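Just so you know, these numbers come straight off a predicted model, no measurement behind them.
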Amino acid sequence: MEWQGINLNGYNQHQWVKMSIRNLIIIIAIFIALSIITIFIILQHQDIQYKNRLLNNEITEIENKITQTQNNIEKLKQNAITNNQSIKKEHIYFLNQYLNNFKEKGTLEIIQIYIDNHTKIKIIGKVKNQEQFMLIEQQLKQENTNYQITHLYTREDNLLSFQIIIDLQG
């Protein structure tokens with residue numbers, strides 16, 4: 001229906017309502033999408049902050065350990081400077097003679113001479129049986145030394161492993 005060139009049937013009004021509803025739906029969809037993206041970004045930000053706090057705590061712990069280690073190194077340096085103990089020639093001669101007279105077959109894995117209040121020798125090795133170890137012990141008794149057997153056990157390969165600390169007082 002048209003009156004003096006004006007369309008009175010409401011077509012333009014329906015078109016305007018359709019466009020408005022469509023635009024409203026688009027705006028709501030964009031708002032929902034932006035809300036989801038914002039929530040995702042916030043959650044990611046919180047996760048990154050949590051990981052950052054953990055890493056900062058680890059860094060602080062590592063820095064504390066480094067500081068402790070540096071302090072321990074300084075203390076050891078001071079102890080090394082103030083502690084002028086040295087191994088006497090007689091002790092080195094004794095070790096040399098003992099090893100030259102070592103008659104037992106077996107394996108000496110570690111021989112260490114060190115100072116712990118006084119000079120000590122640590123011998124770690126393994127022999128085939130108990131009798132061979134008894135010969136090692138007899139040799140120590142013949143040398144008239146103070147010694148201590150700190151480890152003695154049978155290994156999986158049927159060898160007898162031992163650790164002896166010889167105390168060289170004086």
Side-chain angles (χ1 to χ4, degrees), residues 31-170:
F31 178 75
I32 290 172
L34 288 176
S35 297
I36 291 171
I37 291 171
T38 303
I39 290 171
F40 178 75
I41 290 172
I42 289 171
L43 292 175
Q44 288 295 323
H45 177 71
Q46 288 176 344
D47 186 47
I48 289 171
Q49 280 184 329
Y50 175 74
K51 289 179 182 177
N52 192 20
R53 273 187 251 118
L54 288 178
L55 289 174
N56 284 337
N57 290 341
E58 286 181 31
I59 288 171
T60 304
E61 288 177 21
I62 290 171
E63 287 174 346
N64 289 340
K65 287 180 183 179
I66 288 172
T67 303
Q68 282 180 327
T69 304
Q70 288 174 338
N71 290 340
N72 289 341
I73 289 172
E74 288 301 318
K75 287 178 185 177
L76 289 174
K77 283 181 182 177
Q78 292 301 322
N79 287 343
I81 291 171
T82 58
N83 189 2
N84 290 328
Q85 295 177 331
S86 61
I87 298 172
K88 297 179 181 178
K89 287 189 245 180
E90 299 86 35
H91 298 152
I92 294 173
Y93 179 75
F94 169 81
L95 176 62
N96 188 30
Q97 288 299 104
Y98 178 76
L99 293 175
N100 284 336
N101 294 331
F102 195 78
K103 298 173 185 148
E104 203 43 53
K105 292 181 181 175
T107 304
L108 295 180
E109 295 173 342
I110 297 174
I111 300 171
Q112 180 182 23
I113 189 166
Y114 63 97
I115 298 175
D116 181 22
N117 294 331
H118 43 277
T119 307
K120 294 183 179 181
I121 298 172
K122 182 190 292 186
I123 299 174
I124 300 174
K126 53 188 169 188
V127 292
K128 292 182 181 179
N129 54 40
Q130 183 72 27
E131 291 80 26
Q132 289 178 337
F133 181 75
M134 296 299 272
L135 291 172
I136 293 172
E137 195 171 13
Q138 284 177 353
Q139 183 181 358
L140 286 169
K141 288 178 183 177
Q142 287 174 356
E143 296 286 338
N144 199 20
T145 59
N146 294 331
Y147 66 93
Q148 179 181 7
I149 301 168
T150 56
H151 294 289
L152 183 63
Y153 59 93
T154 304
R155 299 168 44 108
E156 302 88 34
D157 52 3
N158 294 328
L159 293 175
L160 185 67
S161 291
F162 63 90
Q163 178 175 328
I164 300 173
I165 297 179
I166 303 170
D167 192 355
L168 303 174
Q169 295 178 353

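- Interatomic distance, I164 CD1 to E137 CD, rounded to the nearest 0.5 Å: 7.0 Å.
- Remark: I37 engages I41 in a side chain to side chain contact (heavy atoms under 4.5 Å, CB included) (not counting sequence neighbours).
- Residue pairs meeting the side-chain hydrogen bond (donor to acceptor under 3.5 Å, both in side chains) criterion with at least one partner in residues 34-53, sequence neighbours excluded, are H45-Q49, D47-K51.
- Among residues two or more places apart in sequence or in another chain, the side chain to side chain contact (heavy atoms under 4.5 Å, CB included) test is passed with T150 by Q148, Q163, I165.
- Sorted pairs that involve residues 56-71 and meet salt bridge (charged side-chain N to carboxylate O under 4.0 Å, His left out), not counting sequence neighbours, are lacking altogether.
- Separation of atoms OG1 (T60) and CG (L55) is listed at 10.5 Å; rounding is to 0.5 Å.
- The distance from atom OG1 of T69 to atom CD1 of I62, rounded to the nearest 0.5 Å, is 11.0 Å.
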So I136 and I123, side chain to side chain contact (heavy atoms under 4.5 Å, CB included) or not? Walk me through it.
CA-CA 11 Å; I136 293 172; I123 299 174; over 6 Å; no
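- Under the side chain to side chain contact (heavy atoms under 4.5 Å, CB included) criterion, D167 pairs with H118, K120, N146, Q169, not counting sequence neighbours.
- Legend: residues meeting ring-ring contact (aromatic ring centres under 6.0 Å, His included) with Y147, ordered by chain and number and at least two apart, are absent.
- Under the salt bridge (charged side-chain N to carboxylate O under 4.0 Å, His left out) criterion, E109 pairs with K126, not counting sequence neighbours.
- Taking CD1 from I111 and CD1 from I121, the interatomic distance works out to 9.0 Å, rounded to the nearest 0.5 Å.
- Looking at residues two or more places apart in sequence or on another chain, you find no side chain to side chain contact (heavy atoms under 4.5 Å, CB included) involving I48.
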